[in-house]
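Working notes for the structure below.
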Amino acid sequence: MSSTPFETVKQVINHRRAIFPPSYTSQAIPKELLTELLDCANAAPTHKLTQPWRFVVFREQGLVRLADQLAALYKTHTPAEQFLQKKLESTRDKVLRSGAVAAIVVSYSGAVPQWEELAATACAVQNLWLAASAAGIGGYWSSPGTIKHTGNFLGLAENEECLGFFYMGYHDEPSRAANRRPVAEKVRWEE
Ligand SMILES: Cc1cc2nc3c(=O)[nH]c(=O)nc-3n(C[C@H](O)[C@H](O)[C@H](O)COP(=O)(O)O)c2cc1C
């Protein structure tokens with residue numbers, strides 16, 4: 001029997017998990033599929049249709065440039081007493097293990113409050129994440145402190161800000177349930 005749209009959406013939402021680069025396989029993600037996933041991101045809701053989400057997508061040799069850049073930023077901006085060589089290496093490795101990494105960028109239009117542009121961009125990321133998960137691609141949103149220094153590298157305009165990186169890769173992890181406190185703790189009914 002075929003599933004209803006509601007059952008399908010519930011299944012996709014509940015199946016989505018953060019999947020980290022150590023679990024990624026070396027299988028390449030076709031550019032055409034990435035374009036379809038980004039098209040899903042682009043369907044996110046947006047007040048006044050400002051469509052504030054931007055993505056800079058790194059794949060193939062672009063991943064090497066991103067890995068070098070994130071490692072260099074970590075080195076430059078980490079106080080000597082906190083610096084860990086292991087962290088530097090894992091910063092590089094997790095990029096190089098990925099099939100693609102999308103820098104998540106918000107473009108503030110000035111037409112609506114900034115929080116609305118942030119919220120719309122997060123909606124776009126969730127669409128991307130759900131679509132990727134349904135296509136068998138794992139992902140996670142990474143927001144290291146160094147993102148505030150990525151403007152030049154990403155070629156951001158004055159009104160743009162990087163909100164993190166979305167790592168993606170085919171993976172071999174079994175599915176797991178979400179770790180959340182019950183929704184009843186977060187809802188008050190007024191009846
Ligand atoms: C805005 C945002 C930023 C995040 N930044 C990080 C991060 O820097 N590092 C990390 O391990 N998880 C980060 N996460 C959380 C994970 O991607 C993931 O959602 C969390 O581990 C819960 O796992 P689940 O989504 O599989 O339930 C971030 C999530 C959001 C929404």
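Counting starts at 1 for both ligands and their atoms, following the listed order.
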Side-chain donor-acceptor pair under 3.5 Å between [X] and [Y], yes or no?
X	Y	value
Thr46	Gln51	no
Glu7	Gln11	no
Ser109	Glu117	yes

Identify all side-chain donor-acceptor contacts of residues 160-170 below 3.5 Å with residues at least two apart in sequence or on another chain.
residue : atom : partner : partner atom : Å
Glu160  : OE1  : Ala157  : N            : 3.0
Glu161  : OE1  : Tyr108  : OH           : 2.6

Output, or 'none' if empty, a list of ligand 1-protein atom pairs in which both atoms are N or O and the distance is under 3.5 Å, rounded to 0.1 Å.
residue  : atom   : partner : partner atom : Å
ligand 1 : 5 (N)  : Trp141  : O            : 3.1
ligand 1 : 5 (N)  : Ser143  : OG           : 2.7
ligand 1 : 8 (O)  : Ser143  : N            : 2.7
ligand 1 : 8 (O)  : Ser143  : OG           : 3.2
ligand 1 : 14 (N) : Trp141  : O            : 3.3
ligand 1 : 25 (O) : Arg16   : NH1          : 3.0
ligand 1 : 25 (O) : Arg16   : NH2          : 3.0
ligand 1 : 26 (O) : Arg17   : NE           : 2.9
ligand 1 : 26 (O) : Ala18   : N            : 2.6
ligand 1 : 27 (O) : Arg17   : NE           : 3.3
ligand 1 : 27 (O) : Arg17   : NH2          : 3.0
ligand 1 : 27 (O) : Arg180  : NH1          : 2.8
ligand 1 : 27 (O) : Arg180  : NH2          : 2.9

(request) Could you tell me which residues satisfy ring pair (Phe, Tyr, Trp, His ring centres under 6.0 Å) with His77, sequence neighbours excluded, listed by chain and number? (result)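 Listed in chain order: His149.
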
(message) Give me each pair satisfying side chain to side chain donor-acceptor pair (under 3.5 Å) with a member in residues 57-69, each pair once, sequence neighbours excluded.
(response)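 The answer is Asp68-Arg92.
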
